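Lettering of chains follows the sequences in order, A, B, ..., and the numbering in each one begins at 1. All of these numbers come straight from a predicted model, not from anything done at the bench.
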2 protein chains.
Amino acid sequence: MTYANIGTLGARPGRRDELVALLTRPSVELREVGCLLYEVGVNDDEPDTVFVAELWESEESHRASLRLASVQAAIDEARPLLSGVMGGTAFSVVGSPLR
Amino acid sequence: MTYANIGTLGARPGRRDELVALLTRPSVELREVGCLLYEVGVNDDEPDTVFVAELWESEESHRASLRLASVQAAIDEARPLLSGVMGGTAFSVVGSPLR
């Protein structure tokens, strides 16, 4: 079942765009491990927050992505950019009015 | 710029699946007005919540969808199913590691 993961990542003041650059770095591996969609974004209301909306083939493919060496390295690289404030939610997709 | 709208809709106890059925009712109009993705889901942690993750061609196309008679009718139809607890966030997409 398609798994949706929605996240908010707090960036240290002034470091948001570096975090965006890191999260949008091209990755063939994510698709290979089952990532269907990975949208990174920002809004004006929360200038120090980076938003991610992800769809995965399954919850397991999402978990598998976190075990990838490249993802582990990106997480380490992101640490100094993060404020520590994080949020999000996850759900199983049950349908769409577009299908 | 692609606009992401993420929402959580609280359902009255026992009415979640009716709300899911309503939100996943096929709609050609949503795509015509600029909806790129509209995923509806649930999770076990919040049994009375329906989650939506939407992508739109623009914030304006999202707003235009809310003016559609069919969407207005669906909102009215959903009212008795809703607990009134709602949440969500919206952001402009700036990139993806999959592109």
Side-chain angles (χ1 to χ4, degrees), chain A residues 1-9 16-56 59 65 68 70-71 74 78 87-99, chain B residues 1-9 16-56 59 65 68 70-71 74 78 87-99:
Chain A
M1 187 176 269
T2 300
Y3 178 78
N5 186 58
I6 311 295
T8 57
L9 298 166
R16 182 193 73 179
D17 293 346
E18 288 169 78
L19 187 55
V20 164
L22 202 155
L23 288 166
T24 54
R25 205 181 283 162
S27 166
V28 175
E29 282 189 308
L30 288 184
R31 197 182 288 284
E32 286 170 353
V33 82
C35 186
L36 303 170
L37 181 95
Y38 197 117
E39 303 294 304
V40 179
V42 297
N43 71 27
D44 294 336
D45 300 332
E46 301 171 75
D48 291 328
T49 300
V50 178
F51 301 84
V52 293
E54 311 161 13
L55 290 178
W56 299 85
E59 187 169 0
S65 74
L68 291 169
S70 59
V71 170
T89 191
F91 58 89
S92 296
V93 172
V94 292
S96 168
L98 302 187
R99 287 191 289 275
Chain B
M1 186 175 267
T2 300
Y3 177 76
N5 186 58
I6 311 295
T8 57
L9 298 166
R16 182 194 73 179
D17 294 345
E18 288 169 78
L19 187 55
V20 164
L22 202 155
L23 288 166
T24 54
R25 203 181 283 162
S27 166
V28 175
E29 282 188 308
L30 287 184
R31 196 181 290 283
E32 285 170 352
V33 82
C35 187
L36 303 169
L37 180 96
Y38 197 117
E39 303 295 302
V40 179
V42 297
N43 71 27
D44 293 337
D45 299 332
E46 302 172 74
D48 291 328
T49 300
V50 180
F51 301 84
V52 291
E54 310 161 15
L55 291 178
W56 299 84
E59 188 168 1
S65 74
L68 290 169
S70 59
V71 170
T89 192
F91 58 89
S92 296
V93 172
V94 293
S96 169
L98 301 187
R99 287 191 290 274

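Applying the salt bridge (Lys or Arg N to Asp or Glu O under 4.0 Å) test to pairs two or more places apart or on separate chains, those with a residue in residues 29-50 of chain B are Arg99(A)-Glu39(B).
Tyr3(A) pairs by the ring pair (Phe, Tyr, Trp, His ring centres under 6.0 Å) definition with His62(A), not counting sequence neighbours.
Residue Ala21(B) does not touch chain A at all, counting heavy-atom pairs closer than 4.5 Å. Contact of Thr89(B) with chain A is made through the side chain alone, with heavy-atom distances under 4.5 Å. Both the backbone and the side chain of Ala53(B) come within less than 4.5 Å of a heavy atom of chain A. Residue contact with chain B, scored on non-hydrogen atoms closer than 4.5 Å, is absent for Thr49(A). In this structure, chain A has heavy atoms under 4.5 Å from both the backbone and the side chain of Val93(B).
In terms of heavy-atom pairs under 4.5 Å with chain B, the best-connected choice from Thr8(A), Val94(A), Leu98(A), Val20(A) is Leu98(A). Per-residue heavy-atom pair counts under 4.5 Å with chain A were compared for Asn43(B), Val50(B), Thr24(B), and the maximum is reached by Thr24(B).
Atom CD1 of Ile6(A) sits about 6.5 Å away from atom CZ of Phe91(B), to the nearest 0.5 Å.
Inter-residue side-chain proximity for Leu37(B) and Leu55(A) is flagged as met; some heavy-atom pair is nearer than 4.5 Å.
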